[in-house]
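All remarks here apply to the structure that follows.
Letters go in sequence order (proteins before strands), and every chain restarts at 1.
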Amino acid sequence: MNGKKIVPLEFEQPLLLLAQQIEALEKQLADNPNAELETDIAQLNEQYIHLKRSLYANLRPIDHLAIARHPQRPYTRDYFERWDANWVEMHGDRQGSDDPAMVTGFLQLGDFAVLGVGTQKGRALRDKQQCNFGMPQPEGYRKALRNFHHAEKFGLPIVCLIDTPGAYPGLNAEERNQAQAIALNLRELAGLTVPVVAVVTGEGGSGGALAIGVANRILMLEHSVYSVISPEGCASILWRSGDKVAEACQAMKMTARELFSLGVIDQVIEEPLGGAHHDFDFASQKVKAALIGQLTELTLLSGPSLKDDRHRKFRKMGSFVEAAV
Amino acid sequence: MNGKKIVPLEFEQPLLLLAQQIEALEKQLADNPNAELETDIAQLNEQYIHLKRSLYANLRPIDHLAIARHPQRPYTRDYFERWDANWVEMHGDRQGSDDPAMVTGFLQLGDFAVLGVGTQKGRALRDKQQCNFGMPQPEGYRKALRNFHHAEKFGLPIVCLIDTPGAYPGLNAEERNQAQAIALNLRELAGLTVPVVAVVTGEGGSGGALAIGVANRILMLEHSVYSVISPEGCASILWRSGDKVAEACQAMKMTARELFSLGVIDQVIEEPLGGAHHDFDFASQKVKAALIGQLTELTLLSGPSLKDDRHRKFRKMGSFVEAAV
Amino acid sequence: MDLKEWFASRRKSREAMQVKQPLTTEEYCALWTQCFQCRELLYTRDLRSNFQVCPKCQYHFRIGADQRIEQLADPDTWQELFGNLMSSDPLGFVDTDTYPNRLIEATRKSGLREAVVTGTCLLQDTKVALSVMDFGHFGGSMGSVVGEKVTRLIEHAVEHELPVIVISSSGGARMQEGILSLMQMAKTSAALQSLHEAKLLFVSILTEPTFGGVTASFAMLGDIIIAEPGARIGFAGRRVIEQTIRQKLPNEFQTAEHLLKHGQVDMVVERTKLKDTLHGLVKFHKRKLVASAKAESREQIAQGKVSSRQTR
Amino acid sequence: MDLKEWFASRRKSREAMQVKQPLTTEEYCALWTQCFQCRELLYTRDLRSNFQVCPKCQYHFRIGADQRIEQLADPDTWQELFGNLMSSDPLGFVDTDTYPNRLIEATRKSGLREAVVTGTCLLQDTKVALSVMDFGHFGGSMGSVVGEKVTRLIEHAVEHELPVIVISSSGGARMQEGILSLMQMAKTSAALQSLHEAKLLFVSILTEPTFGGVTASFAMLGDIIIAEPGARIGFAGRRVIEQTIRQKLPNEFQTAEHLLKHGQVDMVVERTKLKDTLHGLVKFHKRKLVASAKAESREQIAQGKVSSRQTR
Ligand SMILES: [Zn+2]
Ligand SMILES: [Zn+2]
């Protein structure tokens with residue numbers, strides 16, 4: 001993460017303890033060279049690598065959630081900057097507001113000139129507050145919609161990056177019709193005749209995520225999550241307990257691989273070992289490559305076919321039993 | 001005006017004095033019957049009728065302005081109620097606001113099911129304040145726009161009643177982009193494929209009036225006015241004086257008949273003697289008849305022809321000299 | 001009959017009218033309903049004949065899908081569609097109980113297979129596609145079946161060129177179906193995109209309560225949106241908002257009347273007038289389609305005249 | 001040359017370099033310009049070569065249409081269009097002077113026939129339709145000629161499939177043309193409706209100051225809206241608003257930066273970077289039209305392949 005020290009997560013604690021032990025022994029070794037100690041350290045280092053791999057190969061859903069929410073995880077602006085240093089941001093809903101939690105702009109993605117849209121969590125505290133911790137106001141969705149229509153007019157493919165706990169649940173947001181802002185985006189996205197690809201890069205939280213997620217292809221980063229309600233919300237409603245977050249994570253099937261198995265998403269994008277926050281450039285390149293792959297396929301389709309493709313995709317979603325009448 | 005006493009205007013003062021004189025003599029006559037007095041009264045009554053006719057036949061532009069602004073003049077709701085006692089009001093911009101200064105609804109106008117749109121000044125003080133004295137906020141124009149699109153979708157002809165000093169010049173109105181709200185209505189109205197007829201029923205004030213006035217036909221009530229800026233504004237900018245309102249009214253050519261001569265409007269609708277406030281039912285029936293006449297003609301045209309007709313109408317507006325190159 | 005006899009018969013009939021035994025609690029409850037709002041004791045039969053609206057304070061009692069349909073559809077015209085769809089358990093979801101058990105419990109309580117009933121009927125002789133949600137079944141939550149039935153009804157309407165009326169009442173998404181319940185928002189909205197393109201009328205009616213994923217999809221996409229008096233409607237729940245903004249919300253917040261004031265619904269209509277209002281709106285918009293078709297043909301005739309004149 | 005001679009020649013050349021006479025006021029003013037904002041004395045030539053932007057505080061001086069065009073158009077590519085249109089006096093308007101006299105005075109001051117100059121040019125080798133308003137002529141007010149020239153330019157762009165760039169600077173409508181000046185708002189907006197349908201790019205640039213009828217018509221209808229730093233932009237004038245709401249407005253109110261914060265413009269771009277920004281936007285949107293055309297043909301090819309495979 002650009003030379004900054006990476007904040008460890010709770011489930012990484014054993015790894016951290018081992019690393020501290022190794023460090024201590026290395027200090028000891030420096031003061032007092034000793035062949036036996038050297039062998040011990042070598043063994044511990046091997047153990048460390050083994051532990052790390054096994055830890056990341058066996059993450060529980062709640063661990064994925066922790067990585068997806070890591071405060072140093074790359075955000076929309078980090079991707080846009082890496083993809084196109086000269087990307088041009090488009091501001092505002094034209095009606096009185098420019099929501100920092102929703103970022104929109106023009107960018108060059110390989111050969112594709114695209115409209116980029118993404119939620120933004122904010123890094124520093126002030127920034128986080130301005131971005132409402134990544135929870136857009138209705139005006140943010142309306143800004144996205146204005147730009148969706150712009151992309152439709154000029155035949156620009158649309159790339160949406162999703163990383164939001166959900167739409168902001170505030171008094172003003174309700175009064176300015178958060179529900180309608182989301183609903184309208186769902187309908188209008190369904191009707192576009194340009195390619196739309198969405199990537200869940202962190203948290204995909206409920207309707208607030210879906211409002212920029214009605215895409216021809218839905219991709220997810222390996223450790224990102226996507227769910228109908230936050231696991232905390234789910235636990236408190238269904239278990240009536242704040243302790244059952246891990247159970248809620250498990251029950252809801254919110255990880256990238258589970259959702260891929262369910263057929264809801266189309267591709268899982270590999271992250272650097274330990275998560276995207278360990279290497280922004282790696283993550284950004286992987287996402288870029290995945291997007292270019294999808295766009296290359298989608299741009300073979302005509303406008304009406306793209307719309308039909310999107311309609312068909314969501315038409316199939318759901319699971320039910322059809323009894324004999 | 002429904003039995004309520006009509007407030008006289010300043011230019012009607014001579015008429016008022018004469019009426020008082022007649023009243024005084026009539027009282028005298030009642031106490032003391034007298035043939036000579038009776039003849040006098042008869043003569044005065046004749047004089048009264050003569051004066052009234054001559055007064056209204058020779059109104060100055062500023063007199064028309066006074067009638068157009070008469071506090072008892074019929075407003076949009078007065079017309080809608082008279083045209084269709086069961087008209088259904090549509091509220092709100094769907095984005096957080098319902099501007100009482102802009103009224104929209106479905107109504108039956110003879111054989112035509114139409115969308116009615118109109119500015120509303122408000123009658124009682126509280127009502128006036130809520131309606132911002134007939135000056136819409138951006139949200140009012142957006143509410144109108146939402147309904148224009150509804151009418152377009154369902155092939156409903158649109159009838160707009162204009163009676164506004166202009167768009168509200170407030171801090172919030174600016175911040176929520178009053179200019180864009182008006183501009184967008186101008187563009188979107190130009191593109192509609194349903195018949196649009198506008199009637200200036202009182203004051204047609206500047207861009208705030210035009211925002212519901214880009215119509216296939218523009219009608220004006222006999223004493224209504226329509227201008228690019230309020231006469232007060234014009235006087236204060238061009239004459240740098242508040243005394244020159246009459247001159248500004250004269251110079252701007254803002255009365256129905258002048259605008260008809262200029263070719264800007266299509267029809268002047270007769271008012272009851274003394275102005276529409278003397279007889280709501282008469283005024284409402286005259287406007288209704290005029291609207292039905294225009295709609296009957298317009299509904300002969302197809303959607304694309306209606307749009308072309310509107311484009312051509314405004315394309316011609318303006319006066320200039322084309323020098324030899 | 002002399003006066004004595006007459007008095008005796010009066011006494012007898014009065015005695016016959018009097019209830020011999022005091023009412024049991026159940027009988028009492030069946031006979032009388034107390035208004036939740038004004039506390040007035042109402043005769044249950046009267047309440048029902050008044051569309052379950054308190055005649056004293058206009059409080060609108062929650063009603064089930066069956067009563068809704070009875071109130072709106074012309075007699076004997078209701079035809080249910082897609083009633084054979086039932087929920088499955090795609091995630092094998094277990095919280096403090098299994099999802100299948102909860103489904104059985106929901107059906108036992110509501111007598112319905114699912115939280116929405118869909119079909120067609122006549123509305124004062126005009127055919128409409130009607131979808132009615134029932135809060136009594138699983139809190140009116142939207143899972144795959146609700147999404148599928150609403151979507152199928154919209155498709156049916158597109159195919160048969162019918163206006164669509166959807167009456168919502170929902171706590172939001174059905175969490176037990178995880179992401180699949182979220183996707184119903186996209187599915188129904190995409191179906192409405194087709195309806196929108198087909199220029200067919202969609203009237204959405206919001207009733208107590210309508211929240212979450214239902215509000216943020218089809219319920220807010222009506223060409224015309226009607227709310228019932230006093231209904232609480234919103235995206236986020238009241239408690240969630242209060243926790244987020246750390247202040248108490250005003251009482252009227254998220255009521256139908258509050259939404260009207262904030263431009264989110266077109267009108268608030270009392271249940272007793274709902275059928276007339278709907279019929280008026282459907283008729284108003286239907287007539288126009290005919291009229292505009294007329295205009296097209298009239299213009300063709302007019303053009304025909306012009307060209308025939310030119311060719312002469 | 002010995003050292004003495006060398007010194008003498010040095011002295012002489014130094015004397016020759018020195019200005020003999022003190023500057024006259026006019027010469028001084030021509031040479032130096034004081035920044036309106038930071039009060040710094042700037043060398044006029046430097047200021048001009050810096051696009052009339054103060055190098056100390058980035059204050060953007062108002063500039064005329066000629067300088068705008070010079071700053072944006074590739075050298076020798078500007079072709080003026082509709083330059084022969086001139087105002088008439090449709091109302092015979094007289095205030096404290098006649099409208100024709102005021103027109104003559106405006107032209108004397110600005111050296112322009114009208115408050116807008118329209119034409120085409122190359123912008124880093126890409127052809128665009130360009131309209132530039134000049135506040136120096138009649139306060140940049142929009143009368144029939146401004147409306148007509150902007151409309152004709154838009155029509156020209158539709159016909160030749162050009163992107164349109166309009167740089168606004170205006171006090172509002174030209175009152176001396178009464179209702180006809182108001183109607184220019186509708187005329188230009190209707191022309192933009194055709195441009196919108198033709199899916200051609202329209203970039204609107206708002207410069208100090210842009211108000212009234214210009215803001216409330218074409219200036220706010222850009223697909224992309226750019227404002228210059230510090231420019232004051234609005235519908236109603238500051239004084240009118242202060243009188244209406246009876247309070248002082250904050251300083252930043254109606255500045256470009258304030259509009260950005262309130263979502264009314266897409267970006268605030270320094271004049272020194274304007275040409276590059278415009279070129280980037282025009283190129284970005286042009287490329288896409290080509291690419292989507294490619295997609296259509298690719299799909300046709302793909303379908304061709306499929307069908308030929310099927311027929312085998
Ligand atoms: Zn009650
Ligand atoms: Zn400076």
Side-chain angles (χ1 to χ4, degrees), chain A residues 166-171 173-191 204 206-211 213-214 226-229 233-235 237-240 244 247-248 251-254 259 262 264 307 310-311 314-325, chain C residues 83-91 93-96 143-145 147-148 151 172-187 189-194 196-197 212-213 215-221 233-237 240-241 244-245 247 249 253-254 258-259 262-264:
Chain A
Y168 185 67
L171 184 142
E174 289 286 324
E175 289 191 340
R176 295 192 305 250
N177 216 347
Q178 187 71 277
Q180 188 264 3
I182 293 170
L184 197 59
N185 277 17
L186 302 182
R187 190 186 80 184
E188 294 298 296
L189 275 171
S206 144
L210 189 63
V214 181
Y226 195 1
S227 60
V228 65
I229 184 173
C234 180
I237 295 172
L238 293 188
W239 280 266
R240 295 169 200 280
K244 303 291 184 178
E247 283 81 349
M252 282 202 295
K253 307 267 186 288
M254 60 193 297
L259 295 177
L262 267 175
V264 170
K307 188 173 84 171
R310 218 173 302 113
H311 273 261
F314 289 90
R315 184 65 190 85
K316 288 182 310 198
M317 301 260 186
S319 162
F320 50 87
V321 177
E322 208 155 355
V325 190
Chain C
N84 59 326
L85 299 193
M86 292 189 300
S87 293
S88 67
D89 181 17
L91 310 185
F93 198 97
V94 183
D95 48 73
T96 55
S144 297
V145 174
E148 183 70 20
T151 300
R174 190 167 301 171
M175 283 169 282
Q176 288 85 352
E177 295 188 22
I179 198 86
L180 294 180
S181 69
L182 182 70
M183 292 300 155
Q184 304 312 308
M185 291 170 65
K187 185 162 87 181
S189 300
L192 286 175
Q193 199 273 323
S194 302
H196 185 62
E197 262 185 22
T215 320
S217 61
F218 59 83
M220 269 297 168
L221 290 173
I233 302 149
F235 174 60
V240 174
I241 300 169
T244 306
I245 64 171
Q247 63 185 72
L249 291 165
F253 184 71
Q254 290 186 327
H258 187 74
L259 265 71
H262 284 89
Q264 305 186 12

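In this structure, CE on C:Met185 lies 13.5 Å from CE on A:Met317, to the nearest 0.5 angstrom. We find the OG-CD distance between C:Ser189 and A:Glu188 to be 10.5 Å, quoted to the nearest 0.5 Å. How far CD1 of C:Ile179 is from CG of A:Leu259: 5.5 Å, rounded to the nearest 0.5 Å. Here the OG1 atom belonging to C:Thr96 is positioned 10.0 Å from the NZ atom belonging to A:Lys244, to the nearest 0.5 angstrom. With values rounded to the nearest 0.5 angstrom, A:Leu189 atom CG is found 10.5 Å from C:Gln193 atom CD.
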Subject >> Evaluation steps, side-chain hydrogen bond (donor to acceptor under 3.5 Å, both in side chains), between C:Gln254 and A:Glu174 >> reply: CA-CA 8 Å; C:Gln254 290 186 327; A:Glu174 289 286 324; 2.9 Å; yes
Subject >> CA sep, side-chain torsions, deciding dist, call: C:Phe235, A:Gln180, side chain to side chain contact (heavy atoms under 4.5 Å, CB included) >> reply: CA-CA 9 Å; C:Phe235 174 60; A:Gln180 188 264 3; over 6 Å; no
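If you run side-chain contact (heavy atoms from CB on, under 4.5 Å) between C:Ser194 and each of A:Arg187, A:Lys307, A:His311, only A:His311 comes through.
Residues A:Ala183 and C:Thr215 share a closest heavy-atom pair of CB-O, 4.5 Å. The shortest non-hydrogen separation linking A:Phe320 to C:Ser88 is N-OG, 3.7 Å. Nearest heavy atoms, C:Ala186 versus A:Val214: CB-CG2, 4.0 Å. Shown here for A:Gly318 and C:Ser144, the closest heavy-atom pair between the two residues is CA-OG, 3.3 Å.
Within the 4.5 angstrom heavy-atom criterion, only side-chain atoms of C:Gln184, from C-beta onward, approach chain A. Contact of A:Leu210 with chain C is made through the side chain alone, with heavy-atom distances under 4.5 Å.
By the 4.0 Å N-to-carboxylate-O rule, C:Glu148 lies close enough to A:Arg315 to be salt-bridged with it.
Note: C:Leu91 leads C:Ile245, C:Leu91, C:Leu180 in heavy-atom pairs under 4.5 Å with chain A. Taking chain A as the reference chain and counting heavy-atom pairs below 4.5 Å, the highest number among C:Glu177, C:Glu197, C:His196 is found for C:His196.
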